[in-house]
Amino acid sequence: MITEIEMGKAESELELGLGLSLGGGTAAAKIGGKPGGGGAWGERGRLLTAKDFPSVGSKRAADSASHSGASPPRSSSQVVGWPPIGSHRMNSLAAKSAREEEEAGKKKVNDDEPKDVNKKVQVGFIKVNMDGVAIGRKVDLNAHSSYETLAQTLEDMFFRSKPGTIGLTGQFTKPLRLLDGSSEFVLTYEDKEGDWMLVGDVPWRMFITSVKRLRVMKTSEANGLAARHQEPNERQRK
Amino acid sequence: MDLRLPSKVLEHIFSFVDSNEDRNSVSLVCKSWYETERRTRKKIFVRNCYAVTPEAVARRFPEMRSLTLKGKPHFADYNLVPDGWGGYAWPWIEALAEKSPSLEELRLKRMVVTDECLEKIAASFKEFKALVLTSCEGFSTDGLAAIAVACSNLRELELRECIVEDLGGDWLSYFPETLTSLVSLDFSCLDSAVKLSDLERLVSRSPNLKSLKLNRAVSLEALGSLLRLAPQLVELGTGSFSDKLDQEAVSKLSQAFSELKQLKSLSGLWDVHPEYIPLLYSVCPRLTSLNLSYATVQMPDLVELLSRCSNLQKLWVMDLIEDKGLEAVASSCKELRELRVFPSGAEDLDETNVAMTEQGLVSVSEVCPNLESVLYFCVQFTNEALVTIARNRPNLKCFRLCVMEPFSPDHKTQKPLDEGFKAIVEGCKDLQRLSVSGLLTDKAFQYIGTHGKKIRMLSIAFAGESDLMLHHLLSGCESLNKLEIRDCPFGDTALLENAAKLETMRSLWMSSCFVSFGACKLLSQKMPKLNVEVIDEHPPETRPDSSPVERIYIYRTLAGPRLDMPEFVWTIHKNLEIGVSNLAIE
């Protein structure tokens with residue numbers, strides 16, 4: 001469809017035509033028909049359809065055969081920005097229930113049960129700061145299911161440099177490998193108790209329920225953080 | 001014969017024209033009317049801070065005394081706009097400090113305001129009277145101290161749902177003893193406790209204080225002494241409503257409440273303990289506005305409280321009220337104009353204990369003749385209910401329905417909610433704001449396009465089937481001003497075909513849809529008066545033109561591409577050779 005549209009052509013010459021469903025078809029069918037859609041987009045950007053909400057009416061949920069259902073079924077509380085409650089109110093509600101749980105003497109301990117993934121406080125975007133960079137960023141934890149993709153995203157965010165533009169740090173062009181301790185920077189996080197820990201030591205699901213914010217820290221400053229498996233003399237500077 | 005009126009006469013006539021919509025029409029009549037109007041306009045509204053430059057605004061309106069500015073798109077409220085996108089107040093404050101030093105009032109919404117901004121305001125505007133910040137962020141309590149200490153004519157200081165770096169409660173103590181002009185103070189969004197004695201002294205030397213909204217840290221006991229110092233209050237936001245009070249303290253507090261003869265609006269009420277709710281009974285009959293949306297009160301107590309609020313016009317409440325409770329409320333509060341029902345369980349909506357359904361809203365629509373504004377979170381709805389509501393309340397102006405599970409069909413018939421929303425747009429001819437939810441096909445949008453002629457703002461999520469949905473809206477909704485869409489399966493065609501429409505709208509937000517980068521480029525090249533911003537973590541030029549982008553924000557502007565874009569916002573140069581960049585330097 002794009003190729004039919006030439007520059008300079010008046011809008012009225014564009015036609016609604018090919019590929020448009022006139023009253024039928026599910027969202028899933030549309031996804032399949034689009035060039036560059038579906039798989040090329042990746043998990044984060046994928047349009048959520050009824051299949052992602054299996055608790056909804058039987059008709060849609062049953063239709064799960066052909067689609068590349070790579071993502072696990074979600075509850076509506078895991079979707080970013082949904083339901084549309086202002087973040088101020090959301091924080092207040094989350095704080096309230098956290099307080100209630102504390103008072104009731106309960107504590108979220110076992111994070112390996114799948115049910116707990118649904119019960120976590122709305123994670124959404126969390127702050128990421130990097131040593132030496134004034135501007136903090138935010139990353140959407142809901143869009144990741146492993147440390148690798150998270151680290152890759154953060155590396156892209158802070159270390160990528162492109163010709164003609166100013167990257168946040170500018171000078172680093174080699175991949176950084178924030179997770180294996182081999183670079184000048186390590187990835188750390190502040191947990192709910194206020195302690196700073198190295199990212200990667202606990203199972204992913206436990207991590208996302210306890211992480212409050214992230215920090216890309218200089219390796220030299222990361223002494224005293226929760227121990228890593230590597231010996232110090234195995235670390236090398238790039 | 002010269003028929004022109006002398007400008008002095010024109011000025012006098014225009015001084016009676018209050019509404020800016022009318023003033024905008026006036027300024028289009030002829031050059032002399034434009035000139036006279038612009039020299040007399042005092043209140044300016046810029047609803048998109050990137051639509052025009054601060055210098056242009058200051059130049060056009062030399063007598064500006066009050067400026068209202070909005071920054072980020074509405075969906076920023078739901079974390080859909082990444083941090084660092086923009087909406088900075090600084091360029092405006094810097095420009096106004098130089099060109100409009102007589103500025104008295106600044107109202108900012110969804111903007112990034114730093115301590116430097118607040119310090120600049122305090123230092124630059126000698127007659128500064130009112131600062132109202134709604135959903136803003138980027139400043140700390142130090143900035144507030146700067147305002148408090150320097151603005152000797154301050155009347156209003158309101159922080160509504162801002163994200164503030166809280167460095168303690170000292171800021172309040174910076175209000176000088178000579179400041180006696182305070183009319184409105186709202187620090188409800190702050191965490192730290194302020195010094196109670198300083199707050200009491202401030203309140204007691206502010207005879208004109210009409211609105212006081214405290215933060216959670218102010219205890220129930222402290223509230224008592226404050227109320228005794230300000231019985232003239234018209235609006236009150238309490239702090240935490242659950243101390244352990246002895247009998248004497250309770251009766252003193254009760255007495256203080258009953259002295260509030262002018263009180264019309266009540267909010268706050270965090271952590272309400274049921275045994276203290278009767279303290280409010282004396283003010284209930286006079287209340288026109290009641291915000292219980294942070295009060296975790298159960299249905300029986302809510303109904304008991306609301307049964308005494310016969311004059312209530314605006315009610316915000318949590319779904320703890322349940323359908324039954326709303327039914328009872330409807331019959332006590334017949335003057336109701338605005339109803340908002342918020343969900344009480346943020347964490348796990350699948351396992352919420354409360355099931356708010358269509359029944360509550362239907363009962364209210366049946367009984368309350370003035371109901372015109374609705375925001376309703378619930379777990380299920382039916383077409384039948386929507387049809388009934390539309391029939392009962394053709395006077396609806398704002399209808400925002402959020403069935404919380406996306407793609408939920410009519411729970412009785414399992415059909416899409418198309419027919420229900422058809423009834424709403426057909427029946428409610430003055431509808432200006434609409435948010436839809438539930439299972440919706442393209443048909444629903446055909447109905448909206450056909451009948452929703454007065455709709456100015458439309459919010460859509462997880463709905464529709466194809467490009468037709470967008471085409472219906474853009475070609476049908478004549479008054480459409482703001483459109484925000486997320487997770488809907490339309491692509492480029494409808495957007496490009498209706499490109500001209502976008503210049504008649506303030507803004508269009510689309511996220512997680514199928515609009516391609518190529519379409520964004522094309523749109524940007526064809527429509528010079530639009531900024532087409534692609535918000536995407538990955539550089540679009542490394543992907544094929546046909547690949548979809550994550551988020552797009554399109555808005556009309558006279559200011560050209562903005563210069564403060566972060567790395568993840570891409571705009572298309574009007575000069576094709578330069579191509580794509582995130583630094584727009586002409």
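Chain letters run A, B, ... following the sequence lines, proteins first, then strands; residues in each count from 1.
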Of the backbone (N, CA, C, O) and the side chain (C-beta and beyond), which part of [X] lies under 4.5 Å from a heavy atom of chain A, both, or neither?
X        : value
B:Cys189 : both
B:Thr542 : neither
B:Phe75  : neither

Side-chain donor-acceptor contact under 3.5 Å, B:Ser475 with B:Asn498: no
With no hydrogens and no angle check, just 3.5 Å: does a side-chain donor-acceptor pair link B:Ser293 and B:Arg340? no
Can a donor-acceptor pair be found, under 3.5 Å and without considering hydrogens, that links the side chain of B:Ser344 to the backbone of B:Met318? no
Do B:Phe462 and A:Trp82 have their ring centres less than 6.0 Å from each other? yes
